[in-house]
Amino acid sequence: MGRSLQKPRGTQDILPSEQRYWFWVEDTWREIMLAAGFGRIITPTFEDTDLFVRGVGETTDIVSKEIYSFKDRSGNAIALRPEGTAGVVRSYIENGMHKEPQPVKLYYFGSMFRYDRPQAGRYREFYQAGVELLGELDPIVDAQIIAIVMKFYAKLGLKDLTVQINSIGDAKSRPKIHRALIDFLSAHRRSLCEDCKRRMAKNPLRVLDCKEKSCQSVVDEAGGVVLDNLNTESKNYFTKVLEYLDDMGVEYELNPRLVRGLDYYTHTVFEVMTKTGGLSVGAGGRYDGLVKLLGGPDTPAVGFAVGVERTIELVKTQGVNVPEPMRPNVFVVQLGDEAKKKAILVIDQLDKAGYQVAHALGRGSIKSQLRVADRLGTNLAVIIGEREVHSKSVIIRDLTDGAQESIIDRDMLRTVQRKLKERKNR
RNA sequence: GUGGACGUAGCUCAACGGCAGAGCUCUCGGUUGUGGUCCGAGCGGUUGUGGGUUCGAAUCCCAUCGUCCACCCCA
C-alpha cells in the first residue's frame, strides 16, 4: 500500500462509476441553458484576490475566513475562486460585453474553493453550475431566472423542491433597513443569542437566518421589519416579481428571513431547497451594484448557482432514473497469434462501421475474454480462433442466449448488423 | 474556528491485550476453443502515520493526518 499519498482534505476523486450522475447534471444544465439563449463562459479558476475582496465582500465569511489565497512566484496576490459570479462580472467588463446588446446571458460550470471544515455535501473544492443575466433591470427577468432553474431541477427528475424568495431591497433602501433592523434588534437584545449580538454589529441582515431556538420569535418579526422598510421602488419591484411568478405558474414560498452570505445582493434573493428537510441545492439573486463596484458601468444583473454535489446527492436519494452509461454493442474475442492479428482488422472494420467495439486483446483464454464481455454487458461477440483464420470466417455468438453460428468473413458485418437489429426489435 | 464519533484487504465489516479473519470484488482453474449461475484455488494487510505503556498492542495512552456528525457558515 502507498504510504502517505492522499488527497487534500475536503477534495474528492470523482471516479468513472460516478460519471453518469455528473453527465446527467451537466448535460441537463447545458440543454436548458442553451435552449434559453444563454452562452457558455469559461473564466479562470483563480483570479486576483482583490476581485473577491471587493466583489464578494471583505467582511463575508467566504472571503475573511474561507478563501484560498496565496502569492504566486511574481508576488501577485492570487485566490482560487470561492464562487462564480465575480469572475463572470470581471470578464463581462474586461471584454466589453456591456457594449453588446443587453442583456448578456451567460452560464458556466466549474469548481469553486472554500477553506471550510468538510461535512456532508460540503467540500473544499466543489462544483457549481451557474447562470448570470447582466444588463437588464426588470422584475420579469428575476422571475424568468427562477423559472428556468426550476425547470432545470424538474428536468433532472427531482421532486419535493421549492424555491424560497425574499427581497432585501435596493441600495437606496439599505441604510434605512439597517437602521430599522438595528433599532428593532437592540430593543430585543436580551433575547438574542451571542452569535446574533455579534452579527448585529457586523451585518444585521445575517441575524435573520439564525437557527437558535431562543432567537426565533424575535427573528421572525425582524423579517417583517425588513419588508416594512423597503422603499416604494423595492416593494413594487418585489411585488412584480411575485406576480410574474404567479403568471408563469411557478410555485414559491415567501421567506422573509431569507438572506444571503454575499454582500453584493440587492432586491430579489432566492434559494432552492427540499420541502422536507430543507436541504439547499442552489441559490441566487439580483446584484445590481456589483458591475459598477468592480469598475464597470452601472449595470443591473441577476444570477443563480446550482450546488452540483448536493444536487447529485438528491438525484441518488430520490432514485431518479439516470441514463445508463453506454455499453459496447459487440465484443471481439481472439485465440492465438494469427487470430489476434485478424481480430485487429475485424475490430477496425466494426469500428469504422460505427459500432462500439470492445475487446481484451491482452488476455489469452476465451473464458476470460468472455467474462470481460459479460461484465461490460455486451450482447454480441465475434469469436476468432485459428480455425476461423484458416477457413476465412468468424463465429458470431449471441451472449444473451448462447446461440452462435459460423459466418464467412465477407458476411461478418452484415450479420452483426442483422443480429443487433433483431435484438433491438425484441 | 468549536465539540463529538470513527480509521483493520480494492469494498463492507469481524477479531477488542496473546498466531490478523470473513463476505464481496479481482486473477486463474473446473480436459478437446465458449461468458453470466455453480464449485475450487490464488492474489491482496508493518491494522492511516509517528511515538509511548506492556513479556506481548489492531486492541490501552499521546500526538498527527483523514473521514463522518453537530455547531459556525454555505452550494
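Keep in mind that what you see is a predicted model, and the values were worked out from it rather than measured. Chain A is the first sequence line, chain B the second, and so forth, proteins listed ahead of strands; every chain is numbered from 1. All values below were derived from every heavy atom in this structure, side-chain atoms included, with hydrogens, water molecules and symmetry-related copies excluded.
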Touch class at under 4.0 angstrom, heavy-atom based, for A/Glu309 against every strand present: nothing
Electrostatic pair A/Arg260-A/Glu271, nearest N-O below 4.0 angstrom: yes
Touch class at under 4.0 angstrom, heavy-atom based, for A/Arg124 against every strand present: nothing
From B/A75, B/U34, B/C28, nucleotide with atom closest to A/Arg122 side chain: B/A75
Flag for A/Thr11-A/Glu125: side-chain donor and acceptor within less than 3.5 Å: no
Phosphate OP1/OP2 of B/A70: any A/Gln119 side-chain N/O under 4.0 Å: yes
Among B/G66, B/G35, B/A75, the one nearest A/Gln6 by side-chain distance: B/G66
Candidates B/G35, B/G1, B/C65 - which lies nearest the side chain of A/Asp116: B/G1
Sugar-phosphate, base or nothing in reach of A/Gly336, heavy atoms under 4.0 Å: nothing
Test applied, side chain to side chain contact (heavy atoms under 4.5 Å, CB included); reference residue, A/Arg114; option that passes from A/Glu66, A/Arg81, A/Arg122: A/Glu66
Touch class at under 4.0 angstrom, heavy-atom based, for A/Tyr127 against every strand present: nothing
Exercise: do A/Asp409 and A/Ser393 side chains pair donor with acceptor under 3.5 Å: no
Base B/U34 paired with A/Gln404 side chain (donor-acceptor, <3.5 Å): yes
Touch class at under 4.0 angstrom, heavy-atom based, for A/Gly130 against every strand present: nothing
Base-paired stems in RNA chain B, each at least three Watson-Crick or G-U pairs under 3.5 Å: B:1-7 with B:65-71, B:10-13 with B:21-24, B:26-30 with B:38-42, B:48-52 with B:60-64
Whichever of A/Glu386 and A/Arg260 has its nearest RNA chain B nucleotide further upstream toward 5': A/Glu386
Touch class at under 4.0 angstrom, heavy-atom based, for A/Thr311 against every strand present: nothing
Check: A/Lys159 main-chain N/O paired with A/Gln318 side-chain donor or acceptor under 3.5 Å: yes
Nearest-nucleotide pick for A/Lys367, side chain only, options being B/G36, B/C65, B/G30: B/G30
Closest to the A/Lys65 side chain, choosing from B/G33, B/A75, B/C72: B/C72
Pair A/Arg257 + A/Glu221: basic N to acidic O under 4.0 Å: no
If you restrict it to nitrogen or oxygen atoms, what contacts under 3.5 Å exist between nucleotides 2-4 of chain B and the protein, and what is each distance?
{"unit_1": "B/U2", "atom_1": "O4", "unit_2": "A/Arg117", "atom_2": "NH1", "d": "2.6"}
{"unit_1": "B/G3", "atom_1": "O6", "unit_2": "A/Arg117", "atom_2": "NH2", "d": "3.1"}

Spacing between A/Arg363 atom CZ and B/G29 atom C1', to the nearest angstrom: 14 Å
Sugar-phosphate, base or nothing in reach of A/Ala120, heavy atoms under 4.0 Å: sugar-phosphate
Nearest-nucleotide pick for A/Ile395, side chain only, options being B/G29, B/A75, B/U34: B/U34
Touch class at under 4.0 angstrom, heavy-atom based, for A/Glu313 against every strand present: nothing
Under-3.5 Å donor-acceptor pair between A/Glu388 side chain and B/G33 base: yes
Residue whose closest nucleotide on RNA chain B lies nearer the 5' end, A/Pro118 versus A/Val306: A/Pro118
Sugar-phosphate, base or nothing in reach of A/Arg375, heavy atoms under 4.0 Å: sugar-phosphate
